[in-house]
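Values reported hereafter were calculated over all heavy atoms of this structure, with side chains retained and with hydrogens, waters and symmetry mates removed.
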Amino acid sequence: MIPAETMPWLARLGVTVVTQPHFPVERGQEYATDVDPDDQAHLYRCRSLAEAGIPLAAGTDAPYGSADPWAVMRAAFERSGGEASARRAALDLFTGEPRHPSRVRRLAVGSVADLCLLHVPLKEALELMSADVVRATCVGGRRITPPE
């Protein structure tokens with residue numbers, strides 16, 4: 001939980017928040033019964049943190065949540081209560097540098113290949129927000145998905 005009154009303090013500190021915007025979707029029924037109604041709006045914030053200038057990234061938190069980052073991106077985009085992110089912002093939650101997860105990493109010649117290759121153009125992938133668009137995933141320059 002991140003109450004709104006703590007966001008200016010977090011912004012001043014410059015801390016990066018790594019959130020799981022899919023938890024309210026995956027655990028909505030549990031949160032409805034187990035979390036005080038006044039606290040529910042403060043769970044796993046997304047857009048409000050970014051708008052407050054707080055560096056932001058996301059994770060799946062697998063095995064406690066879905067291991068599919070595309071499901072997390074969809075949840076970030078479809079959030080209610082003013083917490084929905086734009087599609088590109090939802091993708092950017094997963095494209096950070098290892099030591100600075102809120103800084104979008106740029107592909108450069110000679111850099112280690114930590115990337116996903118897509119079957120479709122990025123614009124279409126952002127519309128679909130599905131793991132089905134991924135052709136291959138490489139980590140540390142090695143393919144981690146099985147060949148087709």
Any sub-3.5 Å donor-acceptor pair from [X]'s side-chain atoms to [Y]'s backbone N or O?
| X | Y | result |
| --- | --- | --- |
| Thr137 | Cys116 | no |
| Glu78 | Ala84 | no |
| Gln20 | Gly65 | no |
| His22 | Ala71 | no |

Tell me whether [Y] is reachable from [X] by hopping between hydrophobic residues (I, L, V, M, F, W, Y) whose side-chain heavy atoms are closer than 4.5 Å.
| X | Y | result |
| --- | --- | --- |
| Leu13 | Leu49 | yes |
| Met73 | Val17 | yes |
| Leu128 | Leu118 | yes |
| Phe94 | Val134 | yes |

Might you point out which heavy atoms bring [X] and [Y] nearest each other, and give the distance in Å?
| X | Y | value |
| --- | --- | --- |
| Ala131 | Asp68 | CB-OD1, 4.0 Å |
| Ala136 | Thr145 | CA-OG1, 3.4 Å |
| Leu93 | Cys46 | CD1-SG, 3.8 Å |
| Arg74 | Ser130 | NH1-CA, 3.9 Å |
| Val15 | Pro55 | O-CD, 3.3 Å |
| Thr95 | Leu91 | CG2-O, 3.5 Å |

For the atom pair [atom1] ([X]) and [atom2] ([Y]), what is the distance rounded to the nearest 0.5 Å?
| X | Y | atom1 | atom2 | value |
| --- | --- | --- | --- | --- |
| Asp39 | Asp34 | CG | CG | 12.5 Å |
| Ile2 | Met7 | CD1 | CE | 8.0 Å |
| Leu56 | Arg47 | CG | CZ | 12.5 Å |
| Glu26 | Tyr31 | CD | OH | 8.5 Å |
| Leu115 | Arg143 | CG | CZ | 11.0 Å |

Item to check | side-chain hydrogen bond (donor to acceptor under 3.5 Å, both in side chains): pairs with one or both residues in residues 80-92, sequence neighbours excluded | outcome: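 Qualifying pairs, neighbours excluded: Arg45-Glu83, Ser48-Glu83, Arg88-Asp92.
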Checklist entry - Quick check: are there more than 12 heavy atoms from other residues, nucleotides or ligands sitting under 6.0 Å from CZ of Arg79? => result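 Yes, CZ of Arg79 has more than 12 neighbouring heavy atoms, counting only those of other groups under 6.0 Å.
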Checklist entry - With Val133, which of Leu122, Leu126, Val120 fulfils side-chain contact (heavy atoms from CB on, under 4.5 Å)? => result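 Of the listed options, the one satisfying the test is Val120.
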Side-chain donor/acceptor pairs under 3.5 Å, residues 99-109, sequence neighbours excluded:
unit_1	atom_1	unit_2	atom_2	d
Arg105	NE	Gly96	O	3.3
Arg105	NH1	Asp114	OD2	3.0
Arg105	NH2	Gly96	O	3.0

Checklist entry - Taking side chain as C-beta onward, heavy atoms only, is Ile144 less than 4.5 Å from Cys138? => result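 They are not in contact (no side-chain heavy atoms under 4.5 Å apart), so the answer is no.
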Next on the checklist: Please verify the inter-ring angle class for Phe23 with Tyr44; under 30° counts as parallel, over 60° as perpendicular, anything in between as tilted.
Outcome noted: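 Geometry flag for Tyr44 against Phe23: perpendicular rings.
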